[in-house]
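Start at 1 and go down the list; that is how both ligands and their atoms are numbered.
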Amino acid sequence: MSHGKLWGGRFNESVSDAMEALSRSVHFDWRLAPYDLRGSIAHAHILESAGLLSPAESKSIVAELNLMITQFHDGVLLPQSSDEDVHGALERLLVERLGEVGGKLRAGRSRNDQVATDFRLFLRDAAAHVVLQLSTLADAFIVQAEKHMHATAPGFTHLQHAQPVSLGHEIAKHAHALLRDIDRLQDWDKRAAYSPLGAGALAGSALELDPKRSALELGFTDAIANSIDAVSDRDFAAEAAFIFALIGVHLSRIGEEWCLYASKEFGWVNLSDAYSTGSSIMPQKKNPDVAELARGKSGRLIGNMVSILTMLKGLPFAYNRDLQEDKEPLFDSLDTLTVLLPAITGMVHTSTFNVEVIAASAPTGYSLATEVADWLVVRGMPFRSAHEVAGACVRQCEVLGIDLDELSDAQLVEIHPMLTPEVRLVLRVDGAIAGRSRFGGTAPAAVSVQIAALKSETSRTRAWAESKLAASL
Ligand code: ARG
């Protein structure tokens, strides 16, 4: 039997180099090593209680596995290029260190339940990291939102001026999307919290092993109730890939807004030098690369989700080697988010808003026309007609090249007799914003309630992630 390979007894010939090269996964699955080692510790405890390892054997194996975890984190535990995968590499290392007793650990388990367990453990930790990073990004939006709660801005639909809003309200919207992503990850974690360990290759074990006990030791809620399902299910990977893809889509939309805001045409935001880049040819340029990369990288996050689903769709419900392809897309999504989230957080934190420029464009595009219609509705006119009348005011202003509040008394009554000069009182941006003070509205009073709730949400989600990570490695 070759080292670092866990099979071969029934083979007469050695496998070809091409077969080995295709099969090998150790160059990417090595990052599961600390989780595999933790699973092995739980398994050693199970074997000990079944009488298959003596207390002394179990103690020395567990001590060595713990040492290997530390050495992994110190970067000194390394696989060999001849190892097939992380499981084979770790067994080889254990046997090299402890002798034949290291080989006892394989009783009652298979790489099929092992890899599914490792991947769940890994992803649960990774998801907690993402929750922490998302909470930090949400906080960056909350800080900016609070600072600009009283500033006014044009609100858009169809990227056209629609109605004036509080700039803080406009900024705070992003924190809500991120908190939904966090909520999805927390909810996902509940379903991912079931342990495949003990399922063996597919049929469970004839040895006296207790999967529920190892599940609890590894921080799972319970063991999976069907050993075939345990080794074949990758819903947790597909769902995680979807959540990461949706985070990517959110970051992309944020990126798109920031690109617009930083353009000369908008002139809303100044990017800090620390979060922009220059041009190699045009000395004057300052580019919003963080925002652009957020937009660009969403492509691979979506692609990774599609890879997983496509790999899964034709598989019989059992372990099939295709499943080895589940890891790299998820690793890539996580690596992508790990570099992206801190950069976007920095960009948002350090952006300065040109509040005068933004406020000046709040009333443009006749964005107060709805106020005229609402004013007429309060005086008894059906909204259908009020909409017509307000539209006629806009038409008239366009012809005259003036703003709504510049229509004379005579021009107003000529459009409709109900339009008395008092209507001008509602043609004010701050009034239009302050009037929308109900729950979820854009009035500073409502925005401040919203911000208080957001703050307590992110401190709750941060605490959740921190406690998960404290319980992990
Ligand atoms: N490297 C494999 C994977 O990632 C481990 C499981 C291999 N199982 C097997 N029966 N060949 O899926």
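- Ligand 1 has at least one atom lying under 4.0 Å from a heavy atom of K327.
- Side-chain contact between V115 and H87 is present, with at least one heavy-atom pair separated by less than 4.5 Å.
- Listed by number with element, the atoms of ligand 1 under 4.0 angstrom from any heavy atom of S25 are 1 (N).
- Inter-residue side-chain proximity for R184 and L246 is flagged as met; some heavy-atom pair is nearer than 4.5 Å.
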Exercise for the section: Dump the intermediate steps for salt bridge (Lys or Arg N to Asp or Glu O under 4.0 Å) on E146 and K455, then the final yes or no. Expected result: CA-CA 10 Å; E146 188 163 36; K455 280 184 184 171; 2.9 Å; yes
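- In terms of protein heavy-atom proximity, atom 11 (N) of ligand 1 is nearest to R111 NH2, 3.6 Å.
- In this structure, the protein non-hydrogen atom closest to atom 9 (C) of ligand 1 is N112 OD1, 3.5 Å.
- In terms of protein heavy-atom proximity, atom 3 (C) of ligand 1 is nearest to Y319 OH, 3.3 Å.
- Atom numbering of ligand 1 starts at 1 in the shown order; those under 4.0 Å from a heavy atom of Q324 are 1 (N), 2 (C), 3 (C), 4 (O), 12 (O).
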Practice task
Verify ring pair (Phe, Tyr, Trp, His ring centres under 6.0 Å) between F122 and F331, making sure each step is shown before the conclusion.
Solution key: CA-CA 10 Å; F122 167 85; F331 292 163; 5.1 Å; yes
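- Using a cut-off of 4.0 Å between Lys/Arg side-chain N and Asp/Glu carboxylate O, D118 and R38 are scored as not salt-bridged.
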